[in-house]
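So the structure is just underneath, and the comments pick up after that.
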Amino acid sequence: MTFEEIYQFFQEPPPIYLNKELAVCYILSVFLRGDSYGTELIERLEQEYSTYRLSDTVLYSALKFLEKQGTITGYWQKVEGRGRPRRMYQIIPESRTQAQELARLWHEYTTRRGKFL
């Protein structure tokens, strides 16, 4: 290791991968804006929060958790130009208040972290 490598690390830090807890809060923050699907969730995270990443494994584990808890529901939607339907997800209306609370935690977390990045 050299001092130059240390400076380089802080100039271009590696991405931070979300754990399941953060992923749940992030996912709900997106679903509050509208229905979405797995690949779009990953792409939006990279566009809106460039320092964060979300692995497929954590994403689908978080989605399964939210479905099991009765917070979200999934449905199939045919997308023009694609051969097979896409699995879309949405918040169940009764879970909207809890989703807003968890989304707030996500926004507070990223705001707080952003001050240090």
Side-chain angles (χ1 to χ4, degrees):
M1 173 170 47
T2 66
F3 286 118
E4 184 58 39
E5 290 170 332
I6 294 170
Y7 288 119
Q8 184 68 28
F9 174 87
F10 285 97
Q11 289 175 351
E12 296 176 29
I16 299 164
Y17 280 84
L18 301 186
N19 59 25
K20 187 174 175 180
E21 294 82 358
L22 287 171
V24 164
C25 295
Y26 162 69
I27 289 166
L28 291 173
S29 75
V30 172
F31 290 167
L32 285 167
R33 294 183 266 166
D35 299 3
S36 190
Y37 57 95
T39 306
E40 183 181 47
L41 289 165
I42 291 172
E43 291 170 357
R44 285 177 81 158
L45 179 68
E46 291 181 19
Q47 290 171 358
E48 296 174 11
Y49 302 93
S50 61
T51 57
Y52 297 102
R53 296 291 182 274
L54 181 57
S55 72
D56 289 347
T57 304
V58 172
L59 168 66
Y60 289 104
S61 175
L63 288 170
K64 185 178 279 191
F65 166 80
L66 288 166
E67 278 189 300
K68 189 174 181 181
Q69 295 299 310
T71 306
I72 65 170
T73 187
Y75 62 94
W76 293 100
Q77 180 178 23
K78 179 74 173 135
V79 178
E80 198 171 318
R82 282 183 53 105
R84 57 183 209 165
R86 178 174 280 148
R87 182 83 171 155
M88 301 292 291
Y89 296 93
Q90 62 186 357
I91 295 175
I92 293 172
E94 297 79 28
S95 298
R96 197 159 187 80
T97 300
Q98 184 174 40
Q100 290 168 334
E101 292 170 8
L102 293 169
R104 180 185 51 79
L105 293 176
W106 165 254
H107 293 295
E108 287 176 3
Y109 176 84
T110 57
T111 301
R112 216 173 32 250
R113 289 277 310 189
K115 292 178 184 176
F116 300 108
L117 294 177

Would the number of heavy atoms belonging to other residues, nucleotides or ligands and lying under 6.0 Å from NZ of K68 be above 12?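 Result for NZ/K68: open.
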Using the rule that two of Ile, Leu, Val, Met, Phe, Trp, Tyr join whenever any of their side-chain heavy atoms come within less than 4.5 Å, decide whether F65 and I91 are in one cluster.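 Linked within one cluster.
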ILVMFWY cluster, I72 and M88 together (side-chain gap under 4.5 Å):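 No.
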Once you round to the nearest 0.5 Å, how far does [atom1] of [X] lie from [atom2] of [Y]?
X: I92; Y: Q69; atom1: CD1; atom2: CD; answer: 11.0 Å
X: R86; Y: D35; atom1: CZ; atom2: CG; answer: 13.0 Å
X: R84; Y: W76; atom1: CZ; atom2: CH2; answer: 6.5 Å

Pair listing, side chain to side chain donor-acceptor pair (under 3.5 Å) test, anchored in residues 87-98, at least two apart: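 Only E67-R87 qualify under side chain to side chain donor-acceptor pair (under 3.5 Å).
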Can the ring centres of Y52 and W106 be said to be less than 6.0 Å apart? yes
Run the side-chain donor-acceptor check on residues 14-32: report pairs under 3.5 Å with partners two or more places apart or on a different chain.
{"from": "N19", "atom 1": "OD1", "to": "E21", "atom 2": "N", "distance (Å)": "3.2"}
{"from": "N19", "atom 1": "OD1", "to": "L22", "atom 2": "N", "distance (Å)": "2.8"}
{"from": "K20", "atom 1": "NZ", "to": "S61", "atom 2": "OG", "distance (Å)": "3.4"}
{"from": "Y26", "atom 1": "OH", "to": "L41", "atom 2": "O", "distance (Å)": "2.7"}
{"from": "Y26", "atom 1": "OH", "to": "L45", "atom 2": "N", "distance (Å)": "3.0"}
{"from": "S29", "atom 1": "OG", "to": "Y26", "atom 2": "O", "distance (Å)": "2.6"}

Do E46 and I42 have side chains that get closer than 4.5 Å, going by heavy atoms?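 They are in contact (side-chain heavy atoms under 4.5 Å apart), so the answer is yes.
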Which residue pairs pass the salt bridge (Lys or Arg N to Asp or Glu O under 4.0 Å) test when at least one of the two sits in residues 3-16, sequence neighbours left out?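 Every candidate salt bridge (Lys or Arg N to Asp or Glu O under 4.0 Å) pair involving residues 3-16 fails, so no pair, neighbours aside, qualifies.
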Can you name the nearest heavy-atom pair linking E48 to R33, along with the distance?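 Heavy atoms only, the tightest pair is OE1-NH2, 3.1 Å.
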